[in-house]
Structure formats: C-alpha cells, structure tokens
Amino acid sequence: MTHSAITERFIKIKKADNGKKAFIPYIMAGEPSLSSTAVIVQELEEMGADIVELGVPFSDPVADGPTIQHAAMSALSRGVTLRKVIDMVKSIRQKSTIPIVLMTYFNPVLKFGLNNFIGAALSSGVDGIIIPDLPPDEETDFIASCHKAGPDTIFLLAPTSTDKRIDLVCHQSRGFIYYVSLTGITGSAISIDDSLKAQIEKIRSNSNKPVAVGFGVKTSDEAARVAAIADGVIVGSAIVKAIEEGRESFRALVKSLRAAI
Amino acid sequence: MKTGYFGKYGGRYVPETLIPALEELDAAFKALKADAGFQTQLRKLNAEYIGRPTPLFFAEKLTSQLSGARVYLKREDLAHTGAHKINNAIGQALMAKQMGKQRLIAETGAGQHGVATATAAALFGLECEIYMGAIDAKRQALNVFRMKLLGARVTEVHAGSQTLKDAINEALRDWTSNVSTTHYVLGTVFGPHPYPTIVREFQSIIGKEAKRQILKAEGRLPDYLIACVGGGSNAMGLFHAFLTDKRAGNIKYIGVEAGGEGIDSGRHAARFAGGSMGVLQGTKSYLLQDDDGNVLGTHSVSAGLDYASVGPEHAWLHDINAVKYTYATDTEALGAFETLARTEGIIPALESSHAVAEALKIVPGLPKSSIVIVNLSGRGDKDVEQVANMQSASV
Ligand SMILES: Cc1ncc(COP(=O)(O)O)c(C=O)c1O
C-alpha cells in the first residue's frame, strides 16, 4: 500500500528518531495578498515546516477566534475563494512537494460540488483536508470517496470528546488526528496539563495514527511542551498575527517554533 | 427519515467540541418529553406565567373590510413578553435547569428571543448573556434595555453584517468555550440537531391551541394558515399540529419571508426565492450565498426575519410542496402594520406584519365561507420607535 504524502512525512520524522516532531504552521490563504501566499509557503518549507495548513476564508468561521476571523474577512475582501486557493496550490506544486492541508468550512466545498472538489484537490496537489464544521457522521459518501482516492480526511477531537467519539474520529481520520487542545475556538489560551496528556494517551491507545495538537499554541515554550507529548504541533493564530505584523516577526516566530518542536 | 434530518436537510454540522453537548441535549430532551413531572411543570408555567392559551381572535372588521375569507388572528402577541419566543425560552430554560446548567446564552435579532431568554433566566435564577448584532441593537434599542432590566448581559456583535447571523456565530463560539456550564437557548427551528426538533416541540402548542379554538369557533378546520418565516419557529409552531393531523388534508400553508426591497434589488431575506442548498451554523438548508459559498448579506425592515438561512424542516416542506413560501416587501409589511393597527386596534410586530400583508393580498380573492388563521407572532411595541423614525424621515 502506498502512503499519503502526510503519512510519509510522519513516518520520516519518526524514523529520524531525533526527538523532533511535526511542525505544522497554519496560514490564511491570500493574506496579506494572493501572490504572497506562495512565497510564504516556500519560506515555511525552507525554515523546516513539515506540513502547511492553508486556511480558506469563509464568511462565517464559527470555530475561529478574532485573529483568524479578521484574516478571513480581509482575504475575502480581496476576492480569495476556494477555487483560487486550489489554483494557488497547483502553482506552489511546481516548486514544492511539502504536504499541504486545506482548512476550509464545509459550505464552500458543498457549493464547489463535492466530487468536483475531490477532483480539483487531487489534480492540484492538495494532500489533506480539515473541515472543522464537518464531523465524520455527516456526508459519509463524500468522506468515503476521499478515503478511496484522497485527499486525507483529518478529523478533530476535543477535551469534551467521549470514548465513542474518539473511536469514530480515529477510525475516519487519515494522515493524522487533530487534537483541539482546549474547549473553545482558535487563538484561546492553552493549558498544557495532565488532562491534555491523558486525552492524547487515550487517543493513542485507540489508534496508531499520529496525533497533532492545535488551537492555542502560541509561543515556542508552549510548542516545546506540546511537542513532548504529541506527534505534531499546529500553530495558527500566532503565525497569522506575526504575518500581519511583518516579515521579520514572521520569520523570527517560525524559526523559534521550529527549534522548539 | 434519518434522525436529525428532514429529507436531505438538517444534520449536525458543528465542531467536534460541541457534539457531546448536542448528544447530551438530545438525551435530556427525549427523557423530559416523557417525564410527567417536567410536563406538569411546563403546563403550569404555560398557563400561569406565559398566560396560555393565547386567544384566537376573529378579526371581524378586517374580515368585512377585505370582504373575502373569515380572518382569525392567533394572538401570540398577548403571551408574556409579547411574542411566541417565550414558549421556547421557558421550555429550554426548564430543561437547562434540569440538566444542571448554570448559565443561559442566546442570540437575538429583533430582541424578542433575547428578552424571552433573559426573562426565563430571571425566573429560574440562571446567569444570562445575550448576543445581538450591533445594527439590531440599534434598531431594537428598547428590547436591549428590557434585557438589561431583566438582569442579562447584552453583548453587541460588530463582526460581519452585525445582524442575527453574526449573533449566532458569536453565541456558538461562546457555547464552544463554555459548554460544560452553559446551555445555548437557540431561538428558532434552526441549528444542529436536536434544536430544530426541540424548538418545534415547545412552539407546537400554538397550533394545538389554534386547532382546538377554531373547531370550537367554526366547527371545522381552517382553509389557510399564514405565518411569517425568519428561522421559522412561529410558523412551525402553528403548522405542526395541523400537518400531522390526518383530517387536515386540505389546508393550505403559507410561509412569508422578508422580501425587503424586492428580490431583484438583492436586498432581501427571501431564502426560497433567492437561495440554494447550503450549510450554515450547524444545519443544511436553503441559504442565500454567492457562487463561492460565502453567505450573502440580507436586508429586512424587520430584524427578526433578517437572516440568510431558514430552518431545515421548512426547506423540506418547501421541496415536497407541503407549504407554499412567498414573501412580503418592507413596504407591504409597513402597510399591513398600519392597517391592522387602524382596523383592529392591534399593533403587530414588523415580523408578524409580513404574515398580515399576505392575508391582505389573498383574502379578498377567497370565498366568504373560507377560514384563514394568521399567526400574530408578536406585538409591535418594540417597532414603534423605528417606524416613527422612518415616517419622519420620509416626510
Ligand atoms: C415577533 C416575531 N415574529 C417572528 C420572528 C421570526 O422568528 P421565527 O421565524 O423563528 O418565528 C421573530 C424573531 O425575532 C419575532 O420576534
């Protein structure tokens, strides 16, 4: 069986056995401009990111805090759409093989057409999708189609998740499992404690798929502590904010995060 | 039909964090529905606190003026706090109390659901926070003050279109962050399963009463039922008892959406006239959206109808042609607002005025023997200032 690019990446990190974990930065596509996104992805790759999560702006991002909401509104006002993001991935693919995951709300995908979306995502080189408002119980035909041909379907678990939900999400996830570190929205304050560790261990006892932790990791110190207990660390709001501040902030943050994870 | 779906509509499109809370809510709802103690308490509150049954009023002057069908008004405007929203708020607050929640949150458009939730929170001694779009807070300033008087915190939402949709986003974000202590009192037959079913259950008392009342008054079931449709709770509340009654095969159901400045203007909230299938805020339904699946801005003179999507059960009833959906424009609604005030001495909410406007359109063409029930979902006191401002602006 051939592995997906995302799975390959986790295998490679594990094989290296040097204590390093997957560093998964999130950026909002089209921020601060459509043309800059490809450049930012390239910089992230050069600075050692393992997987890039590309946010697709949506008018009603219910799972997001103020930072990502703001970035989404700004990208939308610039005319960024799911189609344009997919096209952008295609152009990134001419230079780069870094695994790319789209993080999009469900409605733009539905409007695109579910089968069209799968086709377009695959042909342009999208490796995985995270749809925060699509739990694995919904649109099971779409999920089954993704399982056949890709892209990887990455589902989320949270501190509130029951054993039954953990079972289901572990079973339906491909590539990795996204553990939401806090009961809340993106950009809230994380607390890295025993219960975080216990939930991750519980997920691990259910599945041998990698577990990456996101929502709330902002500093390199937090990243290091999360990296000690997870297979990957996702950093979103802090990077989006740094990009807003300018190139220097962005590079400095990414460098320190990479060193910590 | 699969649980939680109405045909292909409905479902539970929410972040994983909320799924266990929705499962817990579903289980509590099922248990309490069958719980005699809960039902007794609810009946008592309906009678002694809300003031139910609300009257079914024969609008004699309007009937003779329109010279068509006999027009009845279901007087939800006479319920405590002035709209049907209280039926659902009391029901859900009672559930929340039984589930051990300490805090209620809600979204509100017109402010009626916010007032109803703040009222229920005061009654049950629960903490309360209401999210309201900044534009709505301005045009419904009286209701903002009422909520504060009742002890609720009102948080204005400045994101997006600053109306109901954005208030729901913010309420969902709050719920996602405080789900263990907080119950989200969703105000209409919308959102993730089981909300559309729960809200319908608590609102269905409208139709149950209306059926009894019309049988008593006329000895038969009505020919037309008319209600305005924002999220769709007063309409489902009126329609449900009739839709599920085998004797009621010939009734025509009409849901009236906000036509705003007209469909062609693009400034409206007529989801069935201008929308298509989409997913927003936890459910699949009709949605006003652009070609890329982003939600379009809406407009209505009435804050309670100014919303881009509609309850999933309505989407299904639309597709199977069980209910006809139409719209009234701002101008038509304002006309009906004045007409009802002058002919019957009843000032309707601007939302309800949309249903009245449809009655004004169709009743003259109906046989004199036919019977029409219009759901007067709320009273217009909250809208008087806004209408006065609009009138003085136009002179
Ligand atoms: C008086 C009144 N009628 C109708 C509505 C619309 O809601 P629904 O369609 O859920 O009845 C509202 C909402 O705020 C309202 O206040």
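Naming: A, B, ... by sequence-line order, numbering from 1 per chain. All values below come from the heavy atoms of this structure, side chains included, with hydrogens, waters and symmetry mates left out. The shown structure was predicted, so the numbers you read here are calculated from the model rather than taken from an experiment.
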Between A:Asn107 and B:Val279 (side chain of the first, backbone of the second, donor and acceptor by atom type, cut-off under 3.5 Å), is there such a pair?
yes
Within a reach of under 6.0 Å around NZ of A:Lys241, are more than 12 heavy atoms found that belong to other residues, nucleotides or ligands?
no
So for B:Leu296, is it side chain, backbone, both, or neither that comes closer than 4.5 Å to the heavy atoms of chain A?
neither
In Å, rounded to the nearest 0.5 Å, how long is the span from OG1 of A:Thr81 to CG of B:Asn294?
8.5 Å
Can you say whether B:Leu287 sits under 4.5 Å from chain A via the side chain, the backbone, both, or neither, judging by heavy atoms?
side chain
In Å, rounded to the nearest 0.5 Å, how long is the span from CH2 of B:Trp175 to CD1 of A:Ile185?
15.0 Å
What do you reckon, is CZ of B:Arg153 surrounded by more than 12 foreign heavy atoms closer than 6.0 Å?
no
Kindly compute the distance separating NZ (A:Lys111) from CE (B:Met277), expressed to the nearest 0.5 Å.
9.5 Å
Sorted by number, residues from residues 58-74 of chain A in contact with chain B (heavy atoms, under 4.5 Å)
A:Phe58, A:Ser59, A:Asp60, A:Pro61, A:Val62, A:Ala63, A:Asp64, A:Gln69
Could you look at B:Ser161 and say if it's the side chain, the backbone, both or neither that has a heavy atom under 4.5 Å from chain A?
neither
Considering only heavy atoms, which portion of B:Val14 lies under 4.5 Å from any heavy atom of chain A: side chain, backbone, both, or neither?
backbone
Which atoms of A:Ser188 are under 4.5 Å from chain B, going by heavy atoms: the side chain, the backbone, both sets, or neither?
neither
Judged by atom type as modelled, is there a donor-acceptor pair below 3.5 Å linking the side chain of B:Thr17 to the main-chain atoms of A:Ala158?
no
Where on A:Val169 is there a heavy atom nearer than 4.5 Å to chain B: the side chain, the backbone, both, or neither?
side chain
Measure B:Asp290 against the heavy atoms of chain A and call it side chain, backbone, both or neither at under 4.5 Å.
backbone
Would you sort out whether B:Val179 and A:Thr160 count as a side chain to side chain contact (heavy atoms under 4.5 Å, CB included), showing the intermediate values?
CA-CA 9 Å; B:Val179 63; A:Thr160 55; 3.9 Å; yes
So which of A:Pro159, A:Pro135, A:Pro136, A:Pro108 has the largest heavy-atom pair count under 4.5 angstrom toward chain B?
A:Pro135
Which region of B:Ala159, side chain (C-beta onward) or backbone (N, CA, C, O), has a non-hydrogen atom less than 4.5 Å from a non-hydrogen atom of chain A, or is it both or neither?
side chain
If you draw a 6.0 Å radius around CG in A:Asp193, do more than 12 non-hydrogen atoms from other residues or ligands fall strictly inside?
yes
Establish, from distance only, whether the side-chain atoms of A:Tyr178 and B:Glu16 form a donor-acceptor pair under 3.5 Å.
no
Does A:His171, at its NE2 atom, have more than 12 non-hydrogen atoms belonging to other residues, nucleotides or ligands within less than 6.0 Å?
no
Using non-hydrogen atoms only, which part of B:Pro15 is less than 4.5 Å away from chain A: side chain, backbone, both, or neither?
both
Please determine whether a side-chain nitrogen of the Lys or Arg among B:Arg12 and A:Glu138 lies less than 4.0 Å from a carboxylate oxygen of the Asp or Glu.
no
CZ/A:Arg204: more than 12 non-hydrogen atoms of other groups inside 6.0 Å:
yes
Turns out that what part of A:Leu110 lies under 4.5 Å from chain B's heavy atoms comes down to side chain
With a sphere of 6.0 Å drawn around CG of A:Asn115, does it hold more than 12 non-hydrogen atoms of other residues, nucleotides or ligands?
no
Of the non-hydrogen atoms in B:Lys2 and A:Asp137, which two are nearest, and what is the gap between them?
NZ-O, 4.4 Å
Out of curiosity, A:Lys84 NZ to B:Asp292 CG, how far, rounded to the nearest 0.5 Å?
8.0 Å
Okay, A:Ile131 and chain B: the region with an atom under 4.5 Å from a heavy atom over there is neither
